[in-house]
Amino acid sequence: MAEHGFLHQALVYLAAGVIAVPVFKRLGLGSVLGFLVAGVAIGPWGLRLISEPETVLHFSEFGVVLLLFLVGLELNPQRLWQMRRAIFGMGAVQVAATMLAVAALGWAFGRSVTVALVAGMGFAMSSTAIALATLEEKNLLPTPGGQASFSVLLFQDLAVIPLMLALGMISPGKSGAGIDWLAAAKAIAIIVALIFAGRHLLRPVLRYIANTRLREIFLGFSLLLVLGIAALMQAAGLSMALGAFLAGVLLADSEYRHELELDIEPFKGLLLGLFFIAVGMSVDLGLLMRSPLLVLGLALGVVALKIALLYPVAKLFGYCGRADALLFALTLSQVGEFAFVLYGVAGSQQVLERATVDLLTAAVAASMLTTPLLIALYQRVIMPRLERRSERAPDAIEEHNPVIIAGFGRYGQIVSRVLRGLAIGSTVVDHDPNQIDMVRRFGSIAYYGDATRLDLLESAGAGKAKLLVVAVDDHEAALEITRLARSHFPQLKVLARAHSRSDAFEYVEMGVPAVRETFGSALDAAELALRMLGHHPHVARRVAVQFRRRDEELLIEHAPLRHDEKRLIAASQQGRSDLERLLSEEAGRLRKAGEGDWR
């Protein structure tokens, strides 16, 4: 077994992940919980296929490092500066409140102040890997609750340094004089040097490596970059993940950002899965079986306490929607991997007894298993109920104008601005309350309501208006609004936003003019491309005009065939040939007239 130990372990890890993760994904519980349960199953307290989870746990921590680097690539320094209130304000309040609450409860239950405070330090931290991986998998990271969670996780990484210093101060025989100010200065110097190198040195080096045109060399340098920075930060006593995140932020607006993402993503996914398996293997089922009520009670009690504290923190800092505040609380409710390190150090420095360390680490591991379950419950049960309860009544529309605009996103806003510039009044309605609140802050008048409802159109003045502009994002809703208007308000002209050519066919059948949302901008891009290739501006303009005219004619000709795929394909192929011939003839005519060269 020793001779093929590595091969044996690799087979076990891969088989465990391949078997467990698809099952848990199918059950809707997510891949993170699948990896965790797979680790429990193969670990020393399960099937005992792996006996030393600590070894792989230290190695797989690089998955967290790569995750933070990729997250940093999605942010630039300006965006990070905009998040400063959430990072330092909300993060500091969360860490302090959780630490003090846990310490107070520990002291109330008869523990010494020192033991209670150390327990609070560890329990205040959350798992960056579990929280971010779960949010990404459920596509919840871009939400306000997801962004708040990320901000606080970032602050927790920063808080590691002062917490470790505080642990040294309360160790037996230690005092404030034991603080290594030289080490602190060294850490600050390394961060400053990293920022300078990221700004002035990394990009030229990346450019040099990329010019070799050897993908494997660029891949090797990408990994060397991330792991080298992580090692440098670790040597300075800082968080490896924090260093990787800073490196990602500094390269967020680099021309090589996307290539770095593509290179590192597979390694991140593999190592992160291995990390979760290792965490699952570290769950002490022996202690759990000996004292199930104590371990589970402590783990679930901490999770419940953190949820109770995190929810009002989110509300306090402006994440006032109940759904987002609850997502924030559930995402950060577990205890993070930093607690393993903290309690281990506390045990070695005799701040905590061995039995206390075992109990706390078992509770930490058990708490990690709860997050994927809580987020799955949130998505399936809690969020739909909260959204139904918080449904906002339609606004009373207090004006009637010649134009009604249904949908006030980027598309509807441009139409509204043009009309307003000519002093043409428009009544704007949108079904997204957040969008309505946002545009009102900028001084625009808009009303909340669902334009697919007849009573809403009537209250907006559809019976007397001249034009309805359908600019909503949902193409099914746009078609429904159009049908409703054509059926109940025959005098009302309708101009629709078509999301695709097939949608445009629907509008053609209803006799409604439709503007394909990307058609005009794409045609503008084609015209500009011709000019950049050296063609005369007039030639480029004429070609674009001819293309638009003929394509709109083909749209009307092909609409009756849209349910007959075979005939539609044949007609489309013939249409493309006719269009190519038309453009070629137009270009030839202009070339003979001496107005440009067709190249």
Donor-acceptor pair, side chain of [X] and main chain of [Y], under 3.5 angstrom:
X      : Y      : result
Tyr343 : Ala119 : yes
Thr356 : Leu352 : no
Asp430 : Phe408 : yes
Ser291 : Leu294 : no
Gln156 : Val95  : no

So do the side chains of [X] and [Y] get within less than 4.5 Å of each other, counting heavy atoms only?
X      : Y      : result
Leu135 : Thr331 : yes
Phe328 : Leu332 : yes
Val40  : Met281 : no
Phe123 : Leu360 : yes
Thr98  : Leu305 : no
Val313 : Leu309 : no

[X] versus [Y], closest heavy-atom pair with distance:
X      : Y      : value
Ala86  : Met90  : O-CB, 3.2 Å
Ser333 : Thr371 : OG-OG1, 4.4 Å
Ile87  : Phe155 : O-CB, 3.2 Å
Ala363 : Ala299 : O-CB, 3.5 Å
Leu316 : Arg85  : O-NH2, 4.5 Å
Ile277 : Gly17  : CD1-N, 4.5 Å

Just to verify, what does [X] make a side chain to side chain donor-acceptor pair (under 3.5 Å) with, not counting sequence neighbours?
X      : answer
Ser127 : Glu337
Tyr447 : Glu399
Arg354 : Asp358

Side-chain donor-acceptor pair present, Ser126, Lys306, cut-off under 3.5 Å: yes
Side chains of Gln334 and Ser367, donor plus acceptor under 3.5 Å: no
Rounded to the nearest 0.5 Å, what separates atom [atom1] in [X] from atom [atom2] in [Y]?
X      : Y      : atom1 : atom2 : answer
Ile375 : Leu140 : CD1   : CG    : 7.0 Å
Leu298 : Leu293 : CG    : CG    : 12.0 Å
Gln94  : Leu310 : CD    : CG    : 5.5 Å
His431 : Tyr448 : NE2   : OH    : 8.0 Å
Phe24  : Leu36  : CZ    : CG    : 9.0 Å
Leu359 : Glu353 : CG    : CD    : 11.5 Å

Of Leu132, Thr128, Thr134, the residue whose pairing with Ile130 passes side chain to side chain contact (heavy atoms under 4.5 Å, CB included): Thr134
Criterion side chain to side chain contact (heavy atoms under 4.5 Å, CB included) on Leu117 and Trp107, from CA distance to verdict: CA-CA 9 Å; Leu117 188 59; Trp107 180 74; over 6 Å; no
